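As the structure is a prediction and not an experimental result, all values here were calculated from the model. The chains referred to below are lettered A, B, ... by the order of the sequence lines, with proteins before strands, and numbering in each begins at 1.
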2 protein chains.
Amino acid sequence: MVVSSIFESRRIAVSGLGFKKSLKAAGRRVTRTRQAVLSLLERTAQPLSATEIFDQLQQEKVSIDLVTVYRTVHVLKELGLVAQIELHQEGQARFELKEGREHHHHIRCQMCGAIVDLLLCPLKKLTKLIESQTQYIVDDHTLEFTGLCPKCQ
Amino acid sequence: MVVSSIFESRRIAVSGLGFKKSLKAAGRRVTRTRQAVLSLLERTAQPLSATEIFDQLQQEKVSIDLVTVYRTVHVLKELGLVAQIELHQEGQARFELKEGREHHHHIRCQMCGAIVDLLLCPLKKLTKLIESQTQYIVDDHTLEFTGLCPKCQ
DNA sequence: ATGATATTGCAAGTCTATTGCAATTAACAT
DNA sequence: ATGTTAATTGCAATAGACTTGCAATATCAT
Ligand SMILES: [Mn+2]
Ligand SMILES: [Mn+2]
Ligand SMILES: [Zn+2]
Ligand SMILES: [Zn+2]
C-alpha cells in the first residue's frame with residue numbers, strides 16, 4: 001500500500017520516486033518534460049503514441065516539442081520504465097508504463113481503435129517447443145489480437 | 001498432387017493458373033509486373049519487403065517501378081494470394097505467398113534478420129477465452145518470436 | 001552562484017508508403 | 001488484325017513516422 005505525502009497528489013508521488021532513482025542511476029536528469037510525459041502515461045489507461053502524448057500535453061499547456069516526446073519515450077524505454085508496443089497496421093508505436101505491471105498483451109478494435117489489456121501470456125511452453133524445433137534461442141515475442149469491441153459490433 | 005505441363009516449369013505452371021483466375025474474377029488484368037512479382041515470391045523462401053522485391057527484380061532485368069511493387073502486393077493481398085507480415089521493429093512490411101499454405105507464424109533473428117516459419121498456431125482455444133473475457137469478437141491475431149538463430153548464437 | 005554537460009527546440013533529413021496524373025498496355029469487340 | 005475502353009504503369013509530388021545536427025537552455029554537483 002502506498003501512502004502519499006499531503007504535499008503531492010498520490011499519482012505524482014508514487015511515480016516520482018522510482019522514476020527519479022532510475023534516471024539518476026543512469027546519469028540522466030529529472031526534467032520537466034520527462035515528468036510530464038511519465039505523469040501523462042500514469043493517468044492514461046491506453047498505450048499512447050508520440051503524437052498523442054504531444055497533443056495531450058499541448059492541451060494541458062505543457063510546452064514540449066514532438067522531437068522531445070520521441071527522445072523522452074526512448075529514454076524511458078531504455079531505463080525499463082516504459083514498454084513500446086507496435087500494433088499491427090497502426091503505423092506508429094505506442095508506449096505504456098511498465099512499472100509494477102506484468103508482461104501482457106493487447107486486443108484492439110479495428111473499428112474504433114480501442115485497446116484493451118489481455119492480462120495473460122500463454123507462450124511459456126510454446127517457447128521451449130520452438131527453441132527445440134528451430135534451434136533459435138528465443139528472446140522475446142509479440143502477440144496481439146484484433147477484432148470488434150462491444151460498442152462497435 | 002500437381003502435375004505440370006511439359007511446356008512450362010512446375011512453379012510457373014502451378015501459380016499461373018490460380019493467379020490468373022483470381023485476377024480475372026476480380027476484373028483485374030494479368031500483367032507482366034504482377035507475374036514477375038508473384039513468380040519472385042514463389043521462388044523465395046523468406047517473406048520479402050517491397051524494396052527487396054524491387055531490388056531483386058532489377059537484378060533480374062525486370063523493369064518495374066517501386067510504386068508498382070507497392071500497388072502489386074496490395075492487389076495480391078486483397079485477392080487473398082499474398083499475406084502481409086509486419087515484424088516487430090522492422091519498420092517495413094513483408095509479403096509472402098498464401099496459396100496452399102496454412103496459417104502460421106514466424107521467428108526472426110534479431111542479429112541477422114533471418115526469418116523462419118513456425119508451422120503452428122496455438123491460439124484457437126485462447127481466442128475463445130479472450131472473447132468471453134473481453135466481449136470483443138476476435139477477427140485476427142499476430143504472433144511473432146524474436147531471438148538468435150543458430151548461426152548468430 | 002558557477003561551471004560542466006545533459007537536454008531541448010528548431011530545422012532539416014531519412015525512410016516507408018501513398019496519391020495525382022498523363023502515358024501505356026491489356027482485354028475485348030469488331 | 002484493328003480499334004475502343006478501361007485498367008495499369010511510371011514519374012513526380014506528397015504524407016507520415018521517426019531521426020539527426022546544432023546552437024540555446026536547463027539541470028545539478030560543487
Ligand atoms: Mn497494456
Ligand atoms: Mn511464413
Ligand atoms: Zn507474452
Ligand atoms: Zn495464429
Side-chain angles (χ1 to χ4, degrees), chain A residues 16 19-40 47-58 61-79 81-95 113, chain B residues 16 19-40 47-58 61-79 81-95 113:
Chain A
F19 163 62
K20 287 182 181 171
K21 278 181 193 161
S22 298
L23 282 174
K24 299 209 168 174
R28 324 219 62 151
R29 294 173 179 175
V30 178
T31 65
R32 241 167 220 305
T33 57
R34 283 174 185 161
Q35 295 183 80
V37 170
L38 198 90
S39 156
L40 173 58
L48 297 176
S49 69
T51 53
E52 285 171 351
I53 293 170
F54 175 73
D55 291 343
Q56 183 60 37
L57 291 181
Q58 294 282 91
K61 310 293 183 195
V62 176
S63 169
I64 186 173
D65 192 89
L66 179 58
V67 175
T68 304
V69 174
Y70 278 109
R71 289 198 268 232
T72 299
V73 292
H74 182 260
V75 167
L76 294 176
K77 180 184 158 193
E78 100 186 352
L79 294 181
L81 298 175
V82 155
Q84 178 170 347
I85 296 162
E86 288 173 9
L87 298 177
H88 203 238
Q89 303 201 313
E90 272 219 325
Q92 74 203 115
R94 292 184 174 277
F95 301 88
Chain B
F19 165 60
K20 287 181 182 173
K21 278 182 195 165
S22 297
L23 282 175
K24 298 206 170 177
R28 323 219 63 149
R29 293 173 179 177
V30 177
T31 65
R32 245 169 217 304
T33 57
R34 284 176 185 160
Q35 294 183 79
V37 170
L38 197 90
S39 156
L40 173 58
L48 297 176
S49 69
T51 53
E52 285 172 351
I53 293 171
F54 175 72
D55 291 343
Q56 182 61 35
L57 291 181
Q58 295 281 92
K61 310 293 183 196
V62 175
S63 168
I64 186 172
D65 192 89
L66 179 58
V67 175
T68 304
V69 174
Y70 278 109
R71 288 198 267 230
T72 299
V73 292
H74 181 259
V75 167
L76 294 177
K77 181 185 158 197
E78 103 186 348
L79 294 180
L81 299 174
V82 155
Q84 178 169 348
I85 296 162
E86 289 174 9
L87 298 177
H88 205 239
Q89 304 203 312
E90 272 219 327
Q92 74 201 118
R94 292 184 175 276
F95 301 88

In Å and rounded to the nearest 0.5 Å, what is the [atom1] to [atom2] distance from [X] to [Y]?
X: A:Q58; Y: A:D65; atom1: CD; atom2: CG; value: 9.0 Å
X: A:R29; Y: A:R34; atom1: CZ; atom2: CZ; value: 9.5 Å
X: A:L76; Y: A:R71; atom1: CG; atom2: CZ; value: 14.0 Å
X: A:F95; Y: A:L81; atom1: CZ; atom2: CG; value: 13.5 Å
X: A:S39; Y: A:L57; atom1: OG; atom2: CG; value: 8.0 Å
X: B:D55; Y: B:L48; atom1: CG; atom2: CG; value: 10.5 Å

Report yes if the side chains of [X] and [Y] come closer than 4.5 Å at any heavy-atom pair, otherwise no.
X: B:H74; Y: B:Q84; value: no
X: A:I64; Y: A:V37; value: yes
X: A:L23; Y: A:V75; value: yes

Inset, instruction - Examine distances only and state if a side-chain atom of B:E86 and a backbone atom of A:Q89 form a donor-acceptor pair shorter than 3.5 Å. - result: yes
Round to the nearest Å and state the distance from [X] atom [atom1] to [N] atom [atom2].
X: A:E90; N: D:dA17; atom1: CD; atom2: P; result: 10 Å
X: B:H74; N: D:dA7; atom1: NE2; atom2: C1'; result: 16 Å
X: A:E52; N: D:dC18; atom1: CD; atom2: C1'; result: 16 Å
X: A:Y70; N: D:dG16; atom1: OH; atom2: P; result: 12 Å
X: B:F54; N: D:dT9; atom1: CZ; atom2: P; result: 14 Å
X: B:Q35; N: D:dT8; atom1: CD; atom2: C1'; result: 14 Å
X: A:I53; N: D:dC18; atom1: CD1; atom2: P; result: 11 Å
X: A:Q84; N: D:dT19; atom1: CD; atom2: C1'; result: 13 Å

Inset, instruction - Between A:L66 and A:R71, just flag the one whose closest nucleotide in DNA chain D comes earlier from the 5' side. - result: A:L66
Inset, instruction - Take the C1' atoms of the five end pairs on each side of the helix from C:dA1-D:dT30 to C:dT30-D:dA1, get both axes, and report the angle to 10 degrees. - result: 30°
Legend entry - Annotated protein contacts, base or backbone, on nucleotides 23-30 of chain D with a non-hydrogen cut-off under 4.0 Å, one of B, S, - each: ---BBS--
Inset, instruction - For residues A:A50 and A:L66, report the shortest heavy-atom separation together with the two atoms involved. - result: O-CD1, 3.8 Å
Inset, instruction - Would you kindly compare A:G27 and A:S63 by the position of their nearest DNA chain C nucleotide and give the one closer to the 5′ end? - result: A:G27
Legend entry - Bounds of contact between DNA chain C and chain A, in 5' to 3' order, using a heavy-atom cut-off under 4.0 Å: C:dA4 to C:dA11
